[in-house]
Amino acid sequence: MEFVTLNNGVKMPMVGFGVFQIQDADTTEKAVAEALRTGYRLIDTAEAYGNEEAVGKAIRNSGIPREEIFVTTKVFINHMSYEGAKEAFNESLRKLGLDYIDLYLLHQPVGDTFGAWRALEELYKAGKIRAIGVSNFKEDQIANLSIFNDVVPAVNQIELHVFHQKEEQQAYQTSKGIVTESWGAFAEGHNNVFSNPVLVDIAQKHGKTVAQVMLRWQLQRGVVSLSKSANPERVRQNFDIFDFELSEDDMNHIKTLDTKTSVFADHHEASTVELLAGFVFKKF
Ligand SMILES: NC(=O)c1ccc[n+]([C@@H]2O[C@H](COP(=O)([O-])OP(=O)(O)OC[C@H]3O[C@@H](n4cnc5c(N)ncnc54)[C@H](OP(=O)(O)O)[C@@H]3O)[C@@H](O)[C@H]2O)c1
């Protein structure tokens with residue numbers, strides 16, 4: 001496993017396993033158990049995924065020492081305030097059955113993010129969280145949060161895949177010591193990504209799958225990747241990316257796939273903020 005060192009010295013694995021959209025508890029527990037058996041040491045969940053209990057169970061039953069597993073969870077917009085974030089954190093800790101979290105993120109740049117950030121700073125300083133960060137933030141929002149608070153986020157977890165490569169954002173974040181972590185490494189299969197001819201060509205050349213090429217591309221770019229699979233064979237396949245290297249030519253070909261647009265709902269459109277806020281407030 002390769003690791004990246006965060007801005008506070010904490011080491012984070014470069015390849016992680018996510019559990020979004022595996023809500024069924026039994027399936028989640030089995031998937032996380034399989035991921036840990038395979039070698040994954042970064043598990044990414046969120047209060048909004050509704051599966052922290054199953055994730056915690058798989059971690060506790062894995063037999064792997066707690067300090068070897070890097071656990072991320074996130075506070076959602078219904079708790080995006082000082083009091084709300086504290087409450088959500090304690091609830092996540094209880095559901096996971098753990099006594100600290102490795103990385104705790106503001107899930108969206110929506111709601112009272114400043115209030116919530118101050119709660120995260122306190123929990124971090126009290127030793128309950130090893131690193132704090134954000135998700136789905138843009139550069140200006142990171143600058144604002146960092147300048148007017150004490151702790152600079154360690155990580156920004158953002159949509160990043162071959163169709164939305166975000167090189168400029170990664171460069172900005174790197175310049176501020178913030179690690180870029182991707183979600184949706186496979187664009188959740190959008191745009192027929194698994195049969196994209198450029199990726200199929202590269203995969204065949206290396207005797208690898210398109211999924212492995214996409215994850216290897218993220219690793220070589222210095223991006224921490226997250227992928228999800230509830231299929232044991234794919235869980236193993238997605239971790240088997242450390243025995244080959246993409247050439248400069250491969251990397252340049254993948255660059256041509258960048259459309260610089262989200263394949264999901266762009267978090268920086270008013271309609272997305274309204275949609276997310278609509279889960280909590282009915283006024284929109
Ligand atoms: N911060 C955020 O706002 C945010 C948003 C979305 C996601 N995330 C995090 O990022 C993680 C990954 O993103 P994601 O789950 O949305 O999408 P993803 O990893 O891009 O795609 C998952 C999809 O790809 C399929 N798949 C997995 N491996 C495959 C393979 N080797 N070959 C073919 N198909 C494969 C999965 O199906 P099977 O399960 O059937 O294999 C599933 O349908 C999440 O689980 C979550 O932890 C964060």
Side-chain angles (χ1 to χ4, degrees), residues 13-24 27-28 30-32 34-35 38 40 42-52 54-55 58 70-77 80 92 96 102-111 113 133-138 141 153 155-166 179-196 199-200 203 208-218 223-241 262-268 272-273 275-276 279:
M14 292 285 297
V15 177
F17 184 76
V19 295
F20 181 39
Q21 297 175 128
I22 337 184
Q23 276 174 7
D24 162 63
T27 315
T28 304
K30 283 190 179 130
V32 174
E34 184 61 42
T38 299
Y40 283 95
L42 191 181
I43 305 294
D44 182 271
T45 184
E47 64 161 323
Y49 300 170
N51 54 21
E52 287 171 309
V55 168
F70 190 99
V71 182
T72 303
T73 191
K74 318 180 189 85
V75 51
F76 197 55
I77 54 173
M80 204 61 79
S92 286
L96 284 159
D102 293 277
L103 177 66
Y104 196 50
L105 304 178
L106 303 185
H107 202 151
Q108 322 279 354
V110 178
T113 51
V134 295
S135 179
N136 299 307
F137 275 51
K138 268 201 165 168
Q141 295 167 318
V155 171
N156 186 18
Q157 185 185 114
I158 50 176
E159 176 190 350
L160 192 158
H161 43 74
V162 294
F163 302 126
H164 202 7
Q165 302 191 5
K166 298 192 176 168
V179 165
T180 301
E181 180 179 31
S182 80
W183 61 258
F186 305 143
E188 286 184 11
H190 282 263
N191 301 354
N192 296 318
V193 73
F194 293 108
S195 48
N196 180 282
L199 299 173
V200 169
K208 287 286 182 179
T209 66
V210 165
Q212 290 168 328
V213 166
M214 288 192 275
L215 294 172
R216 182 73 209 182
W217 169 75
Q218 301 228 2
V223 172
V224 174
S225 69
L226 290 176
S227 60
K228 168 261 165 187
S229 178
N231 171 315
E233 196 283 319
R234 287 175 180 166
V235 171
R236 293 191 289 273
Q237 179 194 129
N238 296 345
F239 194 70
D240 182 18
I241 62 163
S262 171
V263 300
F264 304 100
D266 187 332
H267 281 81
H268 306 279
T272 307
V273 176
L275 176 82
L276 288 166
F279 292 133

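For ligands, and for the atoms within them, numbers begin at 1 and follow the listed sequence. The first residue of the sequence shown is numbered 1, and numbering continues consecutively from there.
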- Task: List for me each residue that meets salt bridge (charged side-chain N to carboxylate O under 4.0 Å, His left out) alongside Arg234, sequence neighbours excluded, and say none if there are none.
- Result: none
- Item | Glu188/Lys228 under salt bridge (Lys or Arg N to Asp or Glu O under 4.0 Å): CA gap, chis, key distance, verdict | CA-CA 9 Å; Glu188 286 184 11; Lys228 168 261 165 187; over 6 Å; no
- Message: Can you tell me how the ring of Tyr49 sits relative to the ring of His107, calling it parallel under 30°, perpendicular over 60° and tilted otherwise?
- Response: perpendicular
- Item | Side-chain H-bond candidate by donor/acceptor type, Glu52 with Thr45, under 3.5 Å | no
- Hey, are Lys74 and Asp44 close enough for a salt bridge, meaning a charged N less than 4.0 Å from a carboxylate O? yes
- Message: Tell me whether the rings of Tyr40 and Phe239 are parallel (<30°), tilted (30 to 60°) or perpendicular (>60°).
- Response: tilted
- Message: With a 4.0 Å heavy-atom cut-off, what residues sit around ligand 1?
- Response: Gly18, Val19, Phe20, Asp44, Tyr49, Lys74, His107, Ser135, Asn136, Gln157, Trp183, Gly184, Ala185, Phe186, Ala187, Glu188, Phe194, Ala211, Leu226, Ser227, Lys228, Ser229, Ala230, Asn231, Arg234, Gln237, Asn238
